[in-house]
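The structure appears right after this line, and notes come after that.
Just so we're clear, the structure is a prediction, and the values are computed from it rather than from any experiment. Residue numbers start from 1 in every chain, and the chains themselves are labelled A, B, ... in the order their sequence lines are given, proteins ahead of strands.
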Amino acid sequence: MDDRQPRTILATDVGSTTTKALLIEKQGEEYRLSFRGEMPTTVEAPWENVMVGVRKAIRRLEELSGRRFLTPEGVLLRPRRGDDGVDYYVSTSSAGGGLQMMVAGLVSTVSASSANRAALGAGAVVLDVIAVDDGRATSEQITRITELRPDIILMSGGVDGGSVTHLAAIAETIVQASPQPRFGATYKLPLVYAGNRDAADLVEAVAGEVMDVHAVENLRPRHDLENLGPARETIHDLFMNHVMAQAPGYGELMGWVDVTIMPTPGAVGRIIMVMAERYRANIIGVDIGGATTDVFSDFGGTFTRTVSANLGMSYSICNVLEEAGFENIRRWVPFEVDQRTLSDWVASKMVRPTTLPQTLDNLMLEQALAREALRLSFEHHRSLARKVEKEEIVAGWRSQQKIFRSVGEEVIDLKRLGMLVGSGGALSHAPRRAQAALMLLDSFQPEGVTQLAVDSIFMMPHLGVLSSTHPDIAAQVFDLDCLVRLGTCIAPAGRGRDGQPAVTVRLHPAGGKVEDTRVAFGELVRLPLAVGQTARAEILPAGGFDVGAGRGRPVTAEVEGGLVGVIVDARGRPLELPADDRKRRAKLLAWMEQLDAYPPEALRGLKGG
Amino acid sequence: MNSGYQVTMVRKVRKLPLPGEVLVQPGQRVEPETPVARIDLRPGIPWVLPVGRLLGIESDLLPAAMLRQVGDRVRLREVIAVAQKGIYGRKEYESPTDGVIEDISHRSGRVVIREEFGREEPPISFDVAFEIGCKPRDLPRNMMKKVGDEIKRGQVVAKKGETQAFFTKTALAPISGVITEVNAQTGYVTISRPFKEVIVRAYVSGAVATLLPGRGAVVETPAARIIGAFGVGREGHGRLRVATADVLEPNAITPEDEGAILVAGGPVSRETLRRALECGVRGIIASTAGYLDIVEALGIKVGVGITGQEDIPLTLILTEGFGRLSMRENSFAALRGLEGRLACVNGATQIRAGAIRPEVVVPFPGWDGPLAEETGPEEDLALGQRVRIISEPYFGQMGVVAELPRQPEVLPTEARVPVVVVALADGTPARIPRANVEVF
């Protein structure tokens with residue numbers, strides 16, 4: 001890194017409830033997080049100016065560090081003078097409901113689904129997906145588009161060089177609906193066109209007068225190719241320059257930053273992509289919040305983000321109960337609980353989202369709900385994370401319409417998952433790290449060899465936006481301060497009888513003693529391996545079990561240590577819990593004990609009861 | 001302070017979602033039912049017509065073939081386009097609907113006509129089972145459209161006998177609209193006009209303070225206002241009656257309570273909610289209720305913590321939330337002091353950023369006494385303050401702040417958080433996370 005690199009970097013994330021400010025500094029040869037301040041976001045009345053919250057969060061950093069970053073008038077001190085002031089400033093934002101988009105394409109399973117992925121990947125909430133074959137009549141589509149009030153519309157369709165007629169028709173449908181932007185009527189609604197390049201002029205001609213048309217590279221230049229990057233970048237720029245610029249205070253914030261403000265989930269996605277490339281591994285990241293749960297994955301270079309808008313741990317916690325059902329929540333609870341008590345407790349949590357579990361029972365209930373929220377969000381993610389669809393065109397003899405059939409290949413293969421990163425209060429702030437590991441194992445059920453980690457203090461958005469200009473600094477801080485390594489999980493896939501041998505793990509720690517561990521089916525075993533340590537693991541699965549190389553085939557892998565260590569999860573995949581209540585509770589308690597996930601005396605108490 | 005309640009100046013922004021017509025004047029006195037502003041949403045169904053193709057002409061020749069232009073009002077069966085091909089090749093296109101031409105495209109050859117509906121047009125029911133010759137109970141499976149679908153005049157509503165195409169019988173829609181009912185007892189289908197009028201009413205009695213041009217007005221009134229923790233149901237109003245200081249039992253509600261707002265100092269049960277619906281009670285203000293009781297008795301979902309739009313005739317406001325707690329004394333004393341007055345209630349709750357909590361507003365339109373400043377519900381903790389604990393294991397217990405330790409402490413869950421020491425009613429000290437107490 002050369003001298004022109006900044007030494008002091010300030011990063012803020014203007015979230016929907018709080019504004020978080022971080023100070024990243026060069027300490028010796030490394031960039032490290034030095035201070036963090038958090039204050040309520042001030043986009044709503046009575047303040048109606050985001051800058052109030054941003055300044056307060058920076059003032060908090062000043063208090064903590066005993067240095068000055070703002071002038072007495074509240075202007076950012078730049079350039080840095082000695083210890084005061086900063087060299088570089090970046091920010092993300094999800095205040096005011098984030099980015100809301102409508103997408104349109106030709107075929108719902110092909111271009112419209114690519115457009116949907118591009119919008120989600122850019123960090124948007126997708127209001128509706130319009131396609132020629134979505135089963136709605138044009139008049140119904142027009143009515144629907146008129147009702148929506150998106151921030152940006154993304155339109156795609158056709159391969160480069162293909163027919164342009166249908167695209168003109170879609171553009172026309174959008175114009176005929178005359179959609180209005182969400183904030184004010186002072187600007188033209190942006191339309192990002194990312195379809196057949198030959199139709200770009202036509203779309204401009206159709207929509208240019210009433211909308212702000214931006215033509216970018218085709219999302220699907222060929223049937224077998226998907227290119228979401230350029231559209232995503234344009235959406236980010238438009239988000240900042242058109243949408244956020246309408247919100248109070250953002251004009252000033254835009255003047256402060258050194259690189260365009262990004263939507264928070266878009267920035268998180270970016271850091272996941274950067275890290276997948278650096279670690280050369282497939283990564284899944286999950287952020288479980290109060291209202292929503294976002295899942296990000298980068299598998300073999302295919303990036304996917306999904307939002308489960310109504311699965312969260314406070315505001316939408318009742319919805320987790322409704323969607324998962326009482327029985328699914330109860331199965332993770334190692335003591336008796338009835339539906340009335342659970343539902344009242346859940347509803348109280350919704351009404352008073354800031355309360356903390358004070359008893360261990362309540363903590364276990366909260367974590368049971370988190371498991372189900374994570375499981376449902378991941379199911380949703382898997383259903384959407386698909387490789388580019390192959391198309392088959394079947395022409396019906398009666399109609400002139402072409403019927404498209406498409407087959408998508410699932411992208412997520414848990415056996416090839418290298419790292420699973422959890423973020424959000426339920427995972428990052430679990431009192432014992434083993435609890436976070438257990439929640440990740442139970443809900444995602446990774447197979448083979450997978451590293452587990454959590455985000456220490458939710459700094460992925462800050463690092464994501466920083467990575468757009470300084471990927472090395474972002475990666476360094478991510479590795480040293482953001483990631484809390486829990487360890488590595490070794491999980492053979494397959495099923496057997498309880499007590500039947502499932503896998504033998506031989507660990508060769510660097511400079512340590514080689515040890516064999518035999519693990520029977522139904523067991524969860526924790527092997528100590530500290531943070532920063534690595535070991536070579538020879539994994540010998542029993543006949544019916546697969547750790548990535550096929551049934552019964554051995555695998556040798558380099559495993560990373562962590563705060564929990566190496567976890568051998570021989571509970572089987574898919575993970576099934578005993579139907580009998582007493583047996584199920586005994587199993588849960590045994591697993592918790594084996595991972596040392598809760599205070600042992602409390603677990604003994606539950607066993608006795 | 002007088003009889004438990006404070007009168008503050010309450011201002012309510014009464015606003016349309018989109019620009020419309022404002023119906024009040026500044027200074028005008030309004031009652032809860034007075035319309036403040038109105039707007040017609042969904043101004044009819046758009047008809048997308050491939051006129052170019054039907055006339056057999058190229059799309060770019062369509063504008064020349066049109067007899068009527070964008071913005072013109074056209075009638076049913078009026079000729080709106082003509083194509084001439086040689087001497088005998090005259091083709092005419094008749095409008096399939098009354099409406100206004102919104103778009104004529106020379107690219108796709110399409111014309112968009114927006115069908116308009118008058119406000120007074122009633123829904124139409126017709127005997128579809130008879131028309132297609134099926135039994136009423138077989139009607140649902142012969143329907144081509146389902147309830148909620150848009151349908152246009154002349155479209156097939158239902159058909160019978162697909163296999164023998166020659167004998168197929170169909171029923172066509174006599175008007176455009178939305179299918180609102182398919183009755184398997186009578187065989188009738190009802191089509192309503194999708195005309196939707198949104199009226200914003202004053203909600204409270206008071207006076208118009210300021211106008212919001214094109215959107216609505218701010219209505220203000222001196223009033224007592226009580227905030228709840230959670231609510232369901234829309235805005236409404238009625239006479240306030242304190243039914244009990246304790247648990248509200250079903251037999252405490254009588255048919256005379258129709259339209260009233262009932263107050264209970266304790267929880268409300270599933271049976272009581274059912275009884276209240278039967279008797280036509282307009283609102284219930286109680287301390288708590290069971291989550292399952294609300295969901296089952298009122299038939300609603302509260303999953304995402306955003307309420308207020310439920311289609312139920314009862315508004316329920318819980319001052320303390322869920323489970324079994326009694327109402328805080330000052331809220332109950334205030335409601336008792338307001339008994340017999342007109343109360344305006346709104347169950348709307350949104351717990352996310354910029355939280356909205358349900359409210360009871362009791363207007364005092366002629367008030368000339370002093371006005372109190374409205375204090376925020378959040379206060380910092382201080383020694384000697386009365387608090388209530390809102391989490392296990394002391395859920396619902398009351399106490400006094402005895403100590404505010406500076407350093408975070410370790411809870412039984414092993415989390416380290418800032419705590420408060422609360423002296424419980426019997427004097428025992430309890431160490432509670434600061435986030436888990438409410439100033440009482």
_Part of B:V417 lying under 4.5 Å from any heavy atom of chain A_ = side chain
*Against chain A, label B:E414 side chain, backbone, both or neither, depending on which of its atoms sit under 4.5 Å from a heavy atom there.*
both
*Do other residues, nucleotides or ligands put more than 12 heavy atoms under 6.0 Å from the CD atom of B:E58?*
no
*Between B:T288, B:T349, B:I432, B:V295, which residue shows the highest count of heavy-atom pairs closer than 4.5 Å to chain A?*
B:I432
*Which atoms of A:T138 come close to chain B, meaning under 4.5 Å heavy atom to heavy atom: side chain ones, backbone ones, both, or neither?*
both
*Would you find more than 12 non-hydrogen atoms of other residues, nucleotides or ligands less than 6.0 Å from A:E209 atom CD?*
no
*Side-chain H-bond candidate by donor/acceptor type, A:E172 with B:S108, under 3.5 Å*: yes
*Heavy atoms only: give me the nearest A:V351-B:R357 pair and the separation to one decimal.*
O-NH2, 2.9 Å
*Taking all heavy atoms of A:Q358 and all of B:P393, pick out the closest pair and write down the distance.*
OE1-CD, 3.9 Å
*Looking at A:D344 and B:R324, does any basic side-chain N land under 4.0 Å from a carboxylate oxygen?*
no
*Kindly indicate, with the supporting measurements, whether the criterion side-chain contact (heavy atoms from CB on, under 4.5 Å) is fulfilled by A:L356 and B:N436.*
CA-CA 7 Å; A:L356 303 166; B:N436 295 2; 4.1 Å; yes
*Looking at CD1 of B:I390 and CZ of A:R352, how far apart are the two atoms once the value is rounded to the nearest 0.5 Å?*
5.0 Å
*CG/A:L360 to CG/B:L411 distance, rounded to the nearest 0.5 angstrom?*
11.0 Å
*By ring pair (Phe, Tyr, Trp, His ring centres under 6.0 Å), which residues pair with A:Y598, not counting sequence neighbours?*
none
_Residues forming a side-chain contact (heavy atoms from CB on, under 4.5 Å) with A:D198, sequence neighbours excluded_ = A:V164, A:N196
*Whether B:D103 side chain and A:Q176 backbone form a donor-acceptor pair below 3.5 Å*: no
*Select one option (side chain, backbone, both, neither) describing which atoms of A:Q339 are under 4.5 Å from chain B's heavy atoms.*
both
*Side-chain contact, heavy-atom cut-off 4.5 Å: A:T359 with B:P412?*
no
*At what distance, to the nearest 0.5 angstrom, does CZ of B:F230 lie from SG of A:C318?*
7.0 Å
*Per-residue contact mode, B:K301 against chain A (heavy atom under 4.5 angstrom)*: both
*Please name the pair of heavy atoms, one in B:V48 and one in A:S139, separated by the smallest distance, quoted to 0.1 Å.*
CG2-N, 4.0 Å
_Only pairs of heavy atoms separated by less than 4.5 Å count here; which of A:A168, A:P599, A:S178 has the most with chain B?_
A:P599
*Heavy-atom pairs under 4.5 Å with chain B are the metric here; pick the option from A:I142, A:N362, A:D361, A:T355 that has the most.*
A:T355
_Within the structure provided, determine whether A:R340 and B:D293 are in side-chain contact (heavy-atom separation under 4.5 Å)._
yes
*Please look at A:L311 and chain B and tell me whether the side chain, the backbone, both or neither of the residue comes under 4.5 angstrom of a heavy atom of that chain.*
neither
*Residue, of A:G312, A:G290, A:P353, A:A205, that accumulates the most heavy atom pairs under 4.5 Å with chain B*: A:A205
_Flag for A:T173-B:R110: side-chain donor and acceptor within less than 3.5 Å_ = yes
*For chain A, find which of B:Y291, B:F395, B:W47, B:Y394 contributes the most heavy-atom pairs closer than 4.5 angstrom.*
B:Y291
*Checking A:V206 against chain B: side chain, backbone, both or neither under 4.5 Å from a heavy atom?*
both
